[in-house]
Number of protein chains: 2
Amino acid sequence: MIDVQEARGALDRVLELTVLLGDDMARDLERRGLTGSRAHLVWELHRLGPSTQQTLAEALGVTPRAITGLVDALTDRGFVTREPHPRDRRATLVTFTKQGERAAKALERDHFQLAGRLFGDMSASTFHGFTRGLDAVLARLRELLS
Amino acid sequence: MIDVQEARGALDRVLELTVLLGDDMARDLERRGLTGSRAHLVWELHRLGPSTQQTLAEALGVTPRAITGLVDALTDRGFVTREPHPRDRRATLVTFTKQGERAAKALERDHFQLAGRLFGDMSASTFHGFTRGLDAVLARLRELLS
DNA sequence: TATTGTTATACTCTATAACTATA
DNA sequence: TATAGTTATAGAGTATAACAATA
């Protein structure tokens with residue numbers, strides 16, 4: 001249905017969007033004293049509550065070893081602590097400090113704010129046209145990757 | 001105009017799109033023996049023709065030191081060579097080998113193919129609704145980052 | 001003096017493999 | 001035996017700073 005050149009133009013703009021979005025979010029994270037990977041851990045910990053490093057490894061899709069490094073860095077910077085697991089002495093429960101809690105809530109606020117900035121002023125018809133196409137592309141991509 | 005929760009849902013799906021797109025492209029690159037950063041250099045070199053490392057540093061938005069590392073890796077793997085600059089003995093011209101040329105063309109083909117897979121089967125109205133919203137979001141984002 | 005690309009050093013993120021303590 | 005998390009080691013990407021060769 002769609003011309004190849006037109007499709008390519010759309011893909012290029014989608015890729016530009018991913019780059020700019022990454023830049024914008026990295027800017028926020030730097031202000032919060034977080035890198036992308038550390039923020040991802042904070043985000044998931046906020047979603048899951050106090051968690052073992054195994055659980056976090058699965059949530060982030062990285063090895064347990066990578067979690068050790070991220071938790072070390074977040075501990076050094078005062079965002080989280082390692083607490084003993086109440087029923088398994090092999091495991092630790094990664095837990096927010098007050099500062100970590102505040103940072104997680106700030107990420108949440110930044111996220112809402114960004115959503116508002118990107119879409120808040122859009123007309124309903126433009127917005128729904130966009131999300132309709134977006135869902136179609138997402139469905140295609142999930143199919144390609146499965 | 002748009003509800004905050006709806007906007008957030010759209011942002012989440014855009015972020016999911018960036019992740020899946022990254023996964024899909026990384027899969028192609030691995031097949032070509034390239035990492036993301038090295039492929040980016042190959043892509044720009046294809047666009048620019050034989051270039052100094054300074055030029056590539058500006059094109060990729062990284063420091064000259066990072067280019068040294070990428071060119072070292074691409075040279076070791078047979079994608080590019082460092083040729084003397086004809087008029088400036090300080091500089092080198094990074095130049096494709098036959099293999100590098102083939103890889104660049106393969107990236108181009110993969111790119112078109114991905115565009116076709118994502119958008120090719122889309123109805124014209126869905127496609128144009130999508131690109132209209134996409135352009136609006138891009139414009140917003142450029143504004144935010146400027 | 002300024003520029004090109006390098007070496008030196010450091011930080012971040014990631015992986016695999018071997019190991020310790022515990023289950 | 002299996003699991004949780006560590007140490008050891010390695011590779012990739014990036015940055016700043018000091019330096020050599022050349023402009």
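Hydrogens, waters and symmetry mates play no part in the numbers below; they use all other heavy atoms, side chains included. Chain naming here is simple, since letters A, B, ... match the order of the sequence lines and numbering starts at 1 in each.
OP1 or OP2 of D:dA4 has at least one side-chain nitrogen or oxygen of A:Gln54 nearer than 4.0 Å. Using a 4.0 Å cut-off, no side-chain N or O of B:Arg89 falls inside it from OP1 or OP2 of C:dT4. The side chain of A:Gln53 places an N or O atom within less than 4.0 Å of a non-bridging phosphate oxygen (OP1 or OP2) of D:dT6. One finds a side-chain N or O of B:Thr63 lying less than 4.0 angstrom from the OP1 or OP2 phosphate oxygen of D:dA15. In this structure, A:Thr52 does not reach the D:dA4 phosphate: none of its side-chain N or O atoms is under 4.0 Å from OP1 or OP2. In this model, the phosphate group of D:dG5 is not approached by any side-chain N or O of A:Thr68 to a distance below 4.0 Å at OP1 or OP2. Between B:Arg82 and C:dT6, a side-chain N or O to OP1/OP2 separation shorter than 4.0 Å is present. Between B:Arg87 and C:dT4, a side-chain N or O to OP1/OP2 separation shorter than 4.0 Å is absent.
Of the residues in residues 17-48 of chain B, those lying under 4.0 Å from DNA chain D by heavy-atom distance are B:Thr35, B:Ser37, B:Arg38.
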Review point. Does the pair A:Val94 and A:Ser51 meet the rule for a side chain to side chain contact (heavy atoms under 4.5 Å, CB included), with working shown?
Key: CA-CA 5 Å; A:Val94 180; A:Ser51 306; 5.6 Å; no

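Note: CG (B:Asp72) to P (C:dT4) measures 18 Å, nearest angstrom. Between the C1' atom of D:dG5 and the CG atom of A:Leu74 lies a distance of 16 Å, rounded to the nearest Å. Summarising the geometry, the separation between CG on B:Leu56 and P on C:dG5 is reported as 9 Å, rounded to the nearest angstrom.
Toward the 5' end of DNA chain D, the nearer of the two residues B:Arg77 and B:Ala66, judged by each one's closest nucleotide, is B:Arg77. Along DNA chain D, the nucleotide closest to B:Ala73 and the one closest to A:Pro64 are compared, and the more 5′ of them pairs with A:Pro64. When each of A:Leu60 and B:Ser51 is assigned the nucleotide of DNA chain C with its nearest heavy atom, B:Ser51 is the one assigned upstream, toward the 5' end.
When atom types are taken as modelled, the side chain of A:Thr126 and the backbone of A:Met122 share no donor-acceptor pair closer than 3.5 angstrom. Put simply, the side chain of B:His46 never gets that close to the backbone of B:Val42: no donor and acceptor are under 3.5 Å apart. A distance-only check finds a donor-acceptor pair linking the side chain of B:Thr131 to the backbone of B:Phe127 [under 3.5 Å].
For A:Arg90, the listed nucleotide lying nearest its side chain is D:dA2; candidates were D:dA2, C:dT14, C:dT6. Checked against D:dA8, D:dA15, C:dA23, the side chain of A:Arg65 finds its nearest nucleotide in D:dA8.
A salt bridge (charged side-chain N to carboxylate O under 4.0 Å, His left out) with A:Asp72 is found for one member of A:Arg38, A:Arg65, A:Arg77, A:Arg82 and no other, namely A:Arg82.
Among the protein residues, B:Leu70 comes within range of the sugar-phosphate backbone only, with heavy atoms under 4.0 Å from sugar or phosphate atoms but none that close to a base.
Remark: the B:Thr97 side chain and the B:Gln99 side chain contain no N/O donor-acceptor pair separated by less than 3.5 Å.
Looking at every heavy atom in both residues, B:His111 comes nearest to A:Leu15 through CE1-CD1, 3.6 Å.
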